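Just so it is clear: chains get the letters A, B, ... in the order the sequence lines come, proteins before strands, and each one is counted from 1. These numbers come from a predicted model, not from an experiment.
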Amino acid sequence: MQGASIACVELRRPDLRFPLPENFAGRLEKQTVERLDRRGKYLIAHLSSGESLIMHLGMSGRFTIEETGQLRPGVFARAQDCNPKHDHVVFDMEGVRAARITYNDPRRFGFMDIARSEELETCRHFKEMGPEPLGNGFSAAALKAALKGKSAPIKTALLDQRVVAGLGNIYVCEALYRAGISPRRKAASVVAGKRSDRLYGEIIAVLREAIEAGGSSLRDFASVEGGLGYFQHRFDVYDREAENCRRCDKVIMRIVQGGRSTFFCPSCQR
DNA sequence: AGTGTGTCCTGTGTGC
DNA sequence: TGCACACAGGACACAC
């Protein structure tokens, strides 16, 4: 999409998780995508109009690419296992590369929005968002400050995007296991000892390793080229209920916190 | 203000 | 085979 222009936007329904913004297609058509970016779990396309398209995949969203030009025919073939009845937004790109970019999302938990590019940092999606975990804004001190005084369980606190951006259920479970911290422990008590320093390091480590492995393909995640991630083979606890801990051989437990599954080793995590 | 609960939606896997 | 049910990578609205 970078450098290409949006020739046409086809909306196949008036909303995703939320209503699409006013004049959605009109504000995108004829604009050039100057730069693609990411903040937390959001994708951002900076447009020549001075506005930016903000996209979130939710749980099941995906973009597929069909190359319509002759540049690299067949490289970006449409994923076979993608039911076209959930194709909700179609972007026809022209210019440096002609392609059809389709947003498909069975559960429709994803959403899109538009904001002025110079106001991105203060728009509702990013105003309160915490630092990028692999960026300069994240440090052991920053993590401590964000967790300080919180009575919520550390598991719930780490899923809160205001603490640190981009952590989801898998990597929170994995980071807590690596750091030897019980998911039930109050966030404030993690700051009190040296646990938060260890946690800081493990958050970064697990994210780096997962990115290196191409992400985690549970059922349907794939890269935009269609390739699968491999990090799921290296989960220590996530989706391993009743299996044995790799470290102490005791049984991995599943509990529910804030309506989400938490996997942990009650012996290794204190 | 911070925290816990329910909700949005479809597909898949499991047990009966 | 058919059916009911639980659960899924996330964020938000709401009640306290």
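Electrostatic pairing of A:Glu121 and A:Arg39 does not count as a salt bridge here, judged by no charged N lying under 4.0 Å from a carboxylate O. Of the charged side-chain nitrogens involved, at least one lies within less than 4.0 Å of a carboxylate oxygen, so that A:Glu202 and A:Arg198 count as a salt-bridged pair. Ion pairing between a basic and an acidic side chain is recognised when a charged N comes within 4.0 Å of a carboxylate O; A:Glu66 and A:Arg100 show no such pairing.
Residue contacts shown for A:Phe18 are limited to sugar-phosphate atoms, with no base heavy atom under 4.0 Å away. A:Gly58 comes within contact range of the sugar-phosphate backbone alone, with a heavy-atom separation under 4.0 Å but no base atom that close. Contacts of A:Ser261 with the nucleic acid, taken as non-hydrogen atoms under 4.0 Å apart, involve only primed sugar atoms and P, OP1 or OP2. Contact annotation for A:Phe231: no contact, since no heavy-atom pair falls under 4.0 Å across all strands. Among the heavy atoms of the strands, none lies under 4.0 Å from A:Thr156.
A close approach under 4.0 Å does not occur between any side-chain nitrogen or oxygen of A:Gln161 and OP1 or OP2 of C:dG10. Contact check, A:Lys150 against B:dT3: a side-chain N or O comes under 4.0 Å of OP1 or OP2. Remark: A:Arg124 is not in phosphate contact with C:dA11, judged by side-chain N or O atoms under 4.0 Å from OP1 or OP2. Between A:Lys41 and C:dG9 there is no side-chain polar atom (N or O) within less than 4.0 angstrom of OP1 or OP2. For C:dG9, the OP1/OP2 oxygens have no side-chain nitrogen or oxygen of A:Tyr171 closer than 4.0 Å. Not one side-chain nitrogen or oxygen of A:His56 sits closer than 4.0 Å to the OP1 or OP2 atom of C:dG10.
Atom-to-atom, CG of A:Leu159 to P of B:dG4 comes out at 13 Å; the value is rounded to the nearest Å. Distance A:Asp239 CG to C:dG9 C1': 11 Å, rounded to the nearest Å. What separates CD1 of A:Ile255 from C1' of C:dC7 is a distance of 16 Å, to the nearest Å. If you take CD1 of A:Ile154 and C1' of B:dG4, they are 17 Å apart, rounded to a whole angstrom. A:Met55 has its CE atom 18 Å from the C1' atom of C:dA11, to the nearest Å.
Only one option out of A:Phe111, A:Phe126, A:Phe63 pairs with A:His56 in a ring-ring contact (aromatic ring centres under 6.0 Å, His included); it is A:Phe111.
No side-chain heavy atom of A:Arg38 sits under 4.5 Å from any side-chain heavy atom of A:Ile44.
Between C:dC12, B:dC8, C:dC7, one nucleotide has an atom nearer to the side chain of A:Arg17 than all others, and that is B:dC8. Of the candidates C:dA8, B:dG4, C:dG10, the closest approach to any side-chain atom of A:Phe263 belongs to C:dA8.
With both ends at atom P, the span from C:dA11 to B:dA1 equals 23 Å, rounded to whole Å. Atom P of B:dT5 sits at a distance of 16 Å from the matching atom of C:dC7, rounded to the whole Å. Taking the P atoms as reference points, B:dT3 lies 22 Å from C:dG9, given to the whole Å.
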Return a single string for nucleotides 9-16 of chain B, one symbol per nucleotide in 5' to 3' order, where B is base contact, S is sugar-phosphate-only contact and - is none, cutoff 4.0 angstrom on heavy atoms.
BBSS----
